[in-house]
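Every chain is numbered from 1 and lettered A, B, ... according to where its sequence line falls, protein lines coming before strand lines. Side chains included, hydrogens not; waters and symmetry mates left out as well; all remaining heavy atoms used.
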Amino acid sequence: MRQRLGVDLAATFNLVGGLVKYLSLAPLVPAAVATGYGESPAPFLLATAIGFFCGWTMERLSYGKKQVGMREGFLVVSLTWLFAAMIGALPYWLTAEVQFASPVDSYFEAMSGFTTTGATIVTDIEGLPHGLAMWRQLTQWLGGMGIIVLALAVLPRLRVGGRQLLETELPGPEIEEMTLRIRETAQRLWLLYIALTALMVAVLSVIAWTGLDATMSFYEAVAHALTTLPTGGFSTRARSLEEFGAASQWAIAFFMVVAGVNFALMYRAFFRRQPRVFVRDEEFRLYLTLLGLGSAVLVVELWSEGVLRGEAAIRHSVVNAVSLMTTTGYASADFNEWPLLAAIVLVALMFVGGSAGSTGGSVKVVRHLLLGRILTRELDQAVHPEVVSRIHLNGRPVDERIVRAISSFVLLYVGVFAVGTLLLIIDAARVDSGLRLLDAVAAAATTLGNVGPAFGFAGPMGSFEPFSDFSKIVMIVLMWVGRLEIIPVAVLLTRSYWRV
Amino acid sequence: MKIVVIGAGQVGSTVVEALHNEHDVTVVDLDEQRLSALAERYDAGVIVGNGASRRTLEEAGVRNAGLLIACTSRDEINIIAAIFSKKIAPATKTVVRTTNEEYLEIWHERELDFDLIVSSERETALAVSGLIGVPAARQTDVFADGQVQIVEFDVDGGQRVIGVPLREAEIPPDSKVASIIRGDSIVVPRGEEKIELGDRIIVIGSPEAAQAWSTIIAPAGRRVEDVVIYGAGRTGLATARVLAEQGIKVRIVEPSLERARTAAEELPDARVFQASGMDAEFIERENINKAQAAVFAMRDDAKNHYAATLVKLHGVPYTIAIVHDAHSVEVFERVGIDRAVNPRMITAEEIVRFAHDPRTQQVTMLEGNRFEILDITVRPESKLLGTPFRDLPRTGALIGAIVRESEAVFPHGDDVLLPGDRVIVFTESKRVSIVEQAL
């Protein structure tokens with residue numbers, strides 16, 4: 001049987017086992033937090049033990065070659081994320097917490113964490129013990145820059161062949177060839193990620209200590225930094241950012257914008273002292289333009305409809321537009337109650353996403369930019385059949401393979417979104433949950449784009465708990481394929497992948 | 001001075017022709033027939049051999065030479081010859097001809113230890129862009145960082161200047177008529193001389209004056225903003241790049257898909273068509289005929305000729321062909337293509353400029369090799385210093401402009417030459433050495 005497969009399953013499971021083994025050490029952090037707050041660390045220690053044992057067994061039962069090939073890479077990444085969410089789910093499920101009684105709910109929460117979605121099934125977040133609350137935040141932080149990228153950066157001898165694993169997990173199309181060694185790239189990305197997280201903790205702590213915002217504290221600062229830079233969106237509060245002061249909200253909005261910027265670009269600007277890369281980068285310029293445009297439309301809409309006025313109108317427009325476009329998913333106000341036009345703008349922003357190479361999800365700004373150019377070119381060639389033109393980005397020609405990949409990605413994205421919406425709406429009719437069409441659209445878009453909140457009962461202040469188990473599983477799959485940008489999972493469904 | 005020339009092709013023989021009277025020239029080439037043809041016409045030593053061989057270079061006398069000119073059609077041979085020359089005799093200056101602009105860039109970065117690198121493509125592109133900038137010009141060149149322009153016009157219009165004595169004609173300020181060519185005779189213009197229809201005139205002046213002359217002689221010629229280039233080879237691409245840098249809208253027609261793709265890749269602002277461009281339907285549909293000028297940079301002179309004629313027939317007012325055969329320039333201009341540019345000729349000019357008197361910074365050849373324009377610094381002991389211009393001896397040479405402290409001055413009768421002045425001089429080629437001695 002094994003002879004007929006074109007994929008080396010043994011090597012795949014061997015590598016996945018190794019990754020699971022190391023990842024199972026992560027719950028030790030919330031174990032420490034729990035101990036510190038006088039809570040029981042048992043569920044976390046148990047999760048580590050189970051995870052480590054499973055990983056170790058998987059590694060032992062399979063015999064790996066020294067390297068996995070490109071083909072196995074897709075399977076390794078896809079499986080690793082499924083297993084990661086399982087490890088993530090263990091602490092939830094193992095606690096006595098009633099909100100996590102169902103294994104589907106636990107798995108949903110863990111997948112939402114690692115994929116940095118931020119959709120939650122919890123209804124009473126403040127009721128969660130500190131250890132568990134911190135675990136939610138930590139899963140997002142680990143998932144933001146990528147579990148495998150982290151492994152590549154810190155593990156001494158991870159048997160990985162080529163850069164394909166890294167590229168599969170990093171968000172956005174790889175337009176510029178990475179010139180550094182994989183390990184070095186991974187280390188630099190994580191270094192910058194850690195530095196920015198630390199900076200954000202510092203900024204929010206200063207806001208807390210100077211008394212600018214009484215609600216903010218060091219604990220909240222750490223918790224929100226851990227979920228802002230990965231564009232995650234889990235909060236320690238059921239009403240998200242609403243309870244925080246204006247200063248904190250502006251600061252968090254700023255860091256959300258930062259998190260949606262290409263990390264390689266920021267690395268060059270800060271560590272190589274080339275700030276001009278920002279001015280020259282076409283994606284960055286469009287990213288800021290779209291953020292500004294989205295916020296402006298909301299300000300005008302909210303102000304003219306009399307929902308909000310003055311600084312509050314501007315702040316809530318900017319914070320929520322930034323939050324949804326960068327796919328973070330915080331909310332500073334219940335936009336569920338905003339007029340329809342505002343809701344439509346917010347759903348549209350969910351499809352924009354962050355920049356390539358950022359921690360943001362969804363389609364990504366650069367794909368929109370290039371798709372615009374691709375369509376312009378197609379229309380031009382319809383009129384002028386002899387015209388030969390290359391798509392350029394930042395003055396450099398883009399490889400035609402990437403051009404094709406972008407068109408098919410967007411097509412796949414829209415297709416998966418449509419199927420997801422359809423399944424949710426059918427299921428809603430089956431169980432009669434009162435889900436409106438816009439709510440279903442928003443729920444599919446928010447999970448596939450790794451955003452977080454939807455509309456209706458799953459709105460920014462609500463919870464995904466009322467969805468049926470089937471709908472939750474649909475959304476778990478959407479979050480998973482959305483984080484991996486569809487293609488790695490989609491190839492697993494083709495016959496040519498498995499054939500020799 | 002002893003000069004060794006590697007390569008006796010078009011560039012080599014043009015260089016030899018310009019230099020053999022004043023210098024001791026030795027030519028190296030593999031082709032014995034070419035060499036003997038050259039030796040028959042000019043007073044030059046010839047050696048049959050490979051220019052990239054050290055023994056041949058020694059034999060040619062590189063050790064005692066003041067200058068080595070490597071101008072074969074092959075870049076690698078030229079570069080190796082120059083490297084060997086630098087090893088054998090570090091004091092010998094080296095000039096290298098290249099077809100690859102990359103070498104030019106590397107040289108500008110001072111990574112190649114040669115005294116001059118000349119790229120045919122780049123020089124041709126600059127020549128074409130000069131012609132497009134002054135549409136009525138037959139030929140044009142700039143001096144002193146672009147402050148002085150020299151232009152050759154065919155007079156086929158311009159009521160303001162025709163038939164009027166020059167001193168009464170309203171000629172643009174900061175310009176002088178250096179020469180009037182009427183049939184086979186040359187008129188050195190004095191104040192009472194008149195320009196006639198059908199004359200060919202040479203004007204020296206500021207770039208603004210050159211453009212003003214262009215509008216006088218060809219009133220319809222407005223600024224060119226839309227150019228079509230046939231052929232995306234190296235010369236075509238170099239020309240497109242230079243034109244695009246000037247903000248001119250460039251369209252490229254190239255039959256090979258691969259080369260069309262390269263063009264689209266390298267020139268984001270150009271519009272590239274993968275087509276032969278030889279059928280009327282395409283020319284009309286894509287409005288090729290609405291372009292203000294067309295440049296033909298294909299490899300085959302005959303194809304350039306046909307395409308230029310076709311495009312002209314469909315209404316493009318100004319056509320420039322880049323020709324490769326030595327005699328094509330005359331053929332093309334005779335049959336109605338507006339201008340023909342020969343890259344090898346242009347390359348040779350650039351090399352000759354360098355080979356002249358070390359004080360001479362730049363030379364342009366006009367009318368074949370009949371005239372030269374020199375850019376030369378006046379010696380402190382020159383007898384001409386301090387004499388007002390109106391009292392200077394009339395020798396058939398004309399000082400068109402003075403570059404004084406990096407600023408161009410267009411002299412009048414009362415001006416005098418000062419020590420340290422650079423002058424732009426127009427003269428017959430056979431009088432170059434006399435002019436150089438006088439200054």
Side-chain angles (χ1 to χ4, degrees), chain A residues 173-179 262 265 272 274 276-287 289 355-356 365-408, chain B residues 102 105 226-233 236-237 240-241 244-245 247 249-291 294 296-298 303 307 310-311 314 316:
Chain A
E174 288 303 322
I175 291 166
E176 282 190 35
E177 280 279 319
M178 276 185 288
T179 46
N262 187 339
L265 205 63
R272 296 276 175 77
Q274 299 172 338
R276 285 186 51 216
V277 292
F278 285 130
V279 187
R280 284 202 302 259
D281 193 71
E282 290 175 324
E283 183 186 24
F284 181 72
R285 294 203 303 245
L286 182 62
Y287 170 69
T289 310
S355 312
V365 175
V366 74
R367 288 207 182 90
H368 287 287
L369 182 69
L370 290 175
L371 193 69
R373 290 188 183 165
I374 292 166
L375 291 176
T376 314
R377 179 170 75 165
E378 287 304 318
L379 294 178
D380 182 41
Q381 277 175 340
V383 187
H384 307 283
E386 288 93 354
V387 162
V388 176
S389 68
R390 295 293 303 262
I391 305 287
H392 283 78
L393 182 71
N394 295 329
R396 296 234 280 277
V398 178
D399 196 271
E400 288 298 328
R401 279 177 65 108
I402 292 171
V403 168
R404 278 209 308 278
I406 284 170
S407 315
S408 33
Chain B
E102 196 186 334
E105 278 165 32
D226 178 8
V227 176
V228 172
I229 297 175
Y230 272 64
L237 280 185
R241 201 172 293 127
E245 277 166 13
K249 186 186 143 204
V250 177
R251 288 184 282 169
I252 298 174
V253 180
E254 166 63 53
S256 137
L257 180 61
E258 197 185 331
R259 267 196 253 159
R261 281 209 179 118
T262 314
E265 196 169 298
E266 289 187 14
L267 298 159
D269 298 327
R271 227 162 140 59
V272 183
F273 298 91
Q274 190 232 326
S276 75
M278 305 279 193
D279 65 304
E281 191 264 334
F282 170 79
I283 291 173
E284 295 285 336
R285 174 162 51 83
E286 293 298 340
N287 289 321
I288 300 292
N289 52 345
K290 302 271 166 60
F296 300 87
M298 292 174 284
K303 268 192 185 168
L310 183 70
V311 164
H314 279 271
V316 175

**Request:** Give the minimum heavy-atom separation between A/H392 and B/A264, together with the two atoms involved.
**Result:**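 Smallest heavy-atom distance, with atoms named: CE1-O, 3.1 Å.
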
**Prompt:** For the residue pair B/P268 and A/G395, what are the closest heavy atoms and their distance?
**Reply:**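 Scanning both residues completely, I find the closest heavy atoms to be CG-O, 4.4 Å.
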
What part of [X] is in contact with chain A, defined as an atom under 4.5 angstrom from a non-hydrogen atom: side chain, backbone, both or neither?
| X | value |
| --- | --- |
| B/R271 | side chain |
| B/I252 | neither |
| B/Q274 | both |
| B/R251 | neither |

**Request:** Sort A/H384 into side chain, backbone, both or neither according to what part of it lies under 4.5 angstrom from a heavy atom of chain B.
**Result:**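 Contact with chain B is through both the backbone and side chain of A/H384.
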
**Item:** Heavy atoms from other residues, nucleotides or ligands near CD of A/Q381 exceed 12 (cutoff 6.0 Å)
**Value:**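 Yes, CD of A/Q381 has more than 12 neighbouring heavy atoms, counting only those of other groups under 6.0 Å.
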
**Asked** What do you reckon, is CD of B/E281 surrounded by more than 12 foreign heavy atoms closer than 6.0 Å?
**Response**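 More than 12 within 6.0 Å, yes.
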
**Asked** For B/R261 and A/E400, what are the C-alpha separation, side-chain angles and deciding distance, and is it a salt bridge (charged side-chain N to carboxylate O under 4.0 Å, His left out)?
**Response** CA-CA 11 Å; B/R261 281 209 179 118; A/E400 288 298 328; over 6 Å; no

**Item:** Distance in Å, A/R390 CZ paired with B/T262 OG1, rounded so as to fall on 0.5 Å steps
**Value:**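 Interatomic distance, A/R390 CZ to B/T262 OG1, rounded to 0.5 Å: 8.5 Å.
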
